[in-house]
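Labels below follow one simple rule: chain letters A, B, ... track the order of the sequence lines, proteins then strands, and each chain is numbered from 1.
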Protein chains: 2
Amino acid sequence: MTRSEAGRAQVLVVEDDKGIQELLRFTLVCGGCQPLCVETAEQAETALGGTLPDLALIDWMLPGKSGLALTRKLRGERRTRRLPIIILTARGEEADRVAGLEGGADDYIVKPFSPKELMARVQSVLRRCAPQFAAGTLTVGPLALDTVAHEVRVAGQRINLTPTEFRLLRFLMANPGRVYSRQQLLDNVWGDHVYIEDRTVDIHVRRLRVALGPAAEHVVETVRGAGYKLCAQPGTPPSEA
Amino acid sequence: MTRSEAGRAQVLVVEDDKGIQELLRFTLVCGGCQPLCVETAEQAETALGGTLPDLALIDWMLPGKSGLALTRKLRGERRTRRLPIIILTARGEEADRVAGLEGGADDYIVKPFSPKELMARVQSVLRRCAPQFAAGTLTVGPLALDTVAHEVRVAGQRINLTPTEFRLLRFLMANPGRVYSRQQLLDNVWGDHVYIEDRTVDIHVRRLRVALGPAAEHVVETVRGAGYKLCAQPGTPPSEA
DNA sequence: CGCGAATGTTACGGGACTGTGACGGCATGG
DNA sequence: CCATGCCGTCACAGTCCCGTAACATTCGCG
């Protein structure tokens with residue numbers, strides 16, 4: 001589900017020109033997005049330290065660190081690797097387009113742009129990168145996962161998870177009861193073409209179970225020969241009457 | 001079922017550079033695929049006139065007709081429209097990535113590539129395009145089989161099945177009332193090119209009946225001299241013509 | 001009733017699958 | 001520079017599953 005379906009898509013805007021920033025903000029709000037505006041790459045990184053937005057809109061020309069450098073950095077870090085990025089560039093900098101796409105941007109927009117074009121591209125990128133998770137709190141059995149605050153609670157008790165454990169649990173909680181093979185989990189939690197051993201999934205499932213503690217570790221079920229799934233009713237052994 | 005599960009996936013390789021072609025062939029064979037190599041787009045079209053492969057690996061730079069043109073043509077024809085395509089492109093042609101994906105490719109690989117990466121992407125695309133087992137819940141008599149959750153219930157009571165028992169029951173429930181010989185069951189449940197004793201099927205049928213319990217064991221019927229079938233109405237002897 | 005073929009039933013050894021602990025690499029932060 | 005935390009891989013152990021063999025039973029038929 002796109003966040004544009006359930007709530008507003010959060011868009012991080014990195015733009016030093018106040019006028020353009022206001023235009024972007026206005027356009028995005030009118031288009032149903034929730035903009036978060038900063039002016040420098042450094043501020044952007046600070047903002048990205050918290051909850052990840054659904055999309056980053058980055059100006060090519062920034063004071064200090066350039067938009068390209070920021071893009072490359074975001075692509076280099078696991079946490080932000082899959083964050084959709086749109087580059088804003090001025091007319092006549094066509095050569096930069098190549099560099100921008102090389103740097104990992106998903107799309108680019110040439111200034112001056114029409115609000116219509118901006119929203120079209122934003123929606124397009126959001127749609128393409130969409131199969132994400134609805135904002136809000138997922139609840140399965142004794143588990144509660146806040147996708148915005150990045151918090152997980154077991155019977156109300158807050159626990160700490162590593163990034164991978166969190167994404168794994170989030171994915172499973174988004175589709176409870178559904179069995180996923182190790183490969184499917186790698187595709188959906190780690191990313192499409194990442195070459196990692198199947199068994200690595202087992203390790204993270206174990207670490208996740210340990211982190212969940214005895215109260216909830218059995219919520220993550222092993223389906224022998226098939227994969228793993230989340231069981232909504234723990235303590236219901238499938239034994240016969 | 002993907003061919004990668006039962007049998008080797010056939011991959012058409014369109015690459016004019018002999019060295020790279022050999023590397024591709026070697027990598028694919030090691031990865032469990034069955035490559036068919038040609039050097040030009042024309043030869044590729046000829047090869048595609050026969051049995052369709054499971055995947056096409058097309059070099060971007062080809063003598064004469066380009067890989068993009070070939071991709072577009074394949075996407076334009078009904079017969080090859082759904083054929084998964086991966087584009088091979090050289091470093092520095094990143095801009096072509098967009099054109100390639102817009103042209104209808106499912107993925108692209110940048111040369112030079114590692115064998116591991118190649119196989120990861122090939123497998124990923126094959127998985128993504130693999131025909132799925134019909135999702136949903138199959139119901140026959142007192143039996144209910146959830147293909148997604150991998151759960152089986154007898155009169156609402158959940159039971160545990162081993163992987164083979166589950167596949168066997170799933171196949172029978174997908175085609176209730178129809179008689180299958182032991183060999184047919186081996187082909188469909190175990191996979192095509194497996195040589196296993198016929199009697200093994202009997203064993204698993206028994207184990208399945210035991211697992212189903214007295215309430216439903218008679219749903220799996222023996223047709224003497226023919227094989228096994230699932231009877232929708234237990235207690236209703238099949239009326240032959 | 002007797003016989004052979006087909007099927008049901010039991011037992012068992014090998015192997016596949018998963019759980020578990022440990023290790024080294026890598027990036028981050030001081 | 002080191003310390004820390006996270007991650008991916010390896011190796012080992014336990015468990016479960018599966019295919020085969022062997023024996024028992026039932027069915028079909030004369």
Side-chain angles (χ1 to χ4, degrees), chain A residues 42 45-46 48-49 72-81 150 152 159-169 179-183 185-187 189-191 193-212 214 217-218 220-229 237-239, chain B residues 5 114 116-117 120 150 152 159-169 179-183 185-187 189-191 193-212 214 217-218 220-229 237-238 240:
Chain A
E42 287 73 21
E45 292 185 40
T46 304
L48 288 169
R72 285 222 172 104
K73 185 165 192 305
L74 294 179
R75 280 292 181 265
E77 291 182 18
R78 169 170 295 274
R79 206 173 85 92
T80 54
R81 180 163 298 162
H150 252 246
V152 178
I159 63 171
N160 279 332
L161 296 182
T162 70
T164 302
E165 288 162 9
F166 181 85
R167 289 199 310 274
L168 176 60
L169 182 62
V179 176
Y180 289 96
S181 70
R182 291 165 177 75
Q183 272 302 329
L185 290 174
L186 284 176
D187 286 348
V189 176
W190 276 258
H193 11 7
V194 178
Y195 29 90
I196 295 180
E197 297 289 325
D198 279 13
R199 290 305 306 278
T200 301
V201 176
D202 296 4
I203 303 300
H204 283 276
V205 167
R206 161 162 168 75
R207 288 170 180 162
L208 176 58
R209 282 172 173 160
V210 170
L212 292 179
E217 62 179 358
H218 297 296
V220 182
E221 274 191 1
T222 304
V223 182
R224 200 176 174 84
Y228 294 98
K229 74 167 178 179
S239 55
Chain B
E5 284 180 36
S114 74
K116 218 172 169 184
E117 179 191 3
H150 257 248
V152 179
I159 62 171
N160 264 342
L161 296 182
T162 70
T164 302
E165 289 162 9
F166 183 86
R167 289 199 310 273
L168 175 60
L169 182 62
V179 178
Y180 290 96
S181 71
R182 290 166 177 75
Q183 196 56 52
L185 289 173
L186 283 177
D187 287 346
V189 176
W190 275 257
H193 315 285
V194 182
Y195 34 85
I196 295 180
E197 298 289 325
D198 280 11
R199 289 306 307 279
T200 301
V201 177
D202 296 3
I203 304 300
H204 282 276
V205 167
R206 159 159 171 77
R207 287 171 180 160
L208 177 58
R209 282 171 173 159
V210 171
L212 292 179
E217 63 179 357
H218 297 295
V220 183
E221 278 191 357
T222 304
V223 182
R224 198 176 175 82
Y228 295 98
K229 75 163 184 177
E240 69 284 82

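Distance check, rounded to the nearest 0.5 Å: CD of B:Glu165 to CG of B:Leu212 gives 8.5 Å. Taking CG of B:Leu169 as the start and CD1 of B:Ile159 as the end, the distance is 7.5 Å to the nearest 0.5 Å.
A:Thr222 has its side chain within reach of A:Arg209: a pair of non-hydrogen atoms, C-beta onward, lies under 4.5 Å apart. A:Asp198 has its side chain within reach of A:Gln183: a pair of non-hydrogen atoms, C-beta onward, lies under 4.5 Å apart. Residues A:Asp202 and A:Arg182 meet the side-chain proximity criterion, which asks for heavy atoms closer than 4.5 Å.
Atom-to-atom, CZ of B:Arg206 to C1' of C:dA6 comes out at 16 Å; the value is rounded to the nearest Å. Whole-Å rounding puts the A:Lys73 NZ to C:dA27 P distance at 12 Å. If you measure from atom CZ of A:Arg209 to atom C1' of C:dT20, you get 12 Å, rounded to the nearest angstrom. Look at CD on A:Glu217: it is 12 Å from C1' on C:dG19, rounded to the nearest Å. In this structure, B:His218 atom NE2 and C:dG8 atom P are separated by 12 Å, rounded to whole Å.
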>> Using a 4.0 Å heavy-atom cut-off to protein, can you give one letter per nucleotide of nucleotides 17-30 of chain D, 5' to 3': B if the base is in contact, S if only the sugar-phosphate is, - if neither?
In response: SBBBB----BBS--
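Taking the six-membered ring for Trp and thresholds of 30 and 60 degrees, A:Trp190 and A:His204 have ring planes more than 60 degrees apart, a perpendicular arrangement.
In this model, the phosphate group of C:dG8 is approached by a side-chain N or O of B:Tyr228 to a distance below 4.0 Å at OP1 or OP2.
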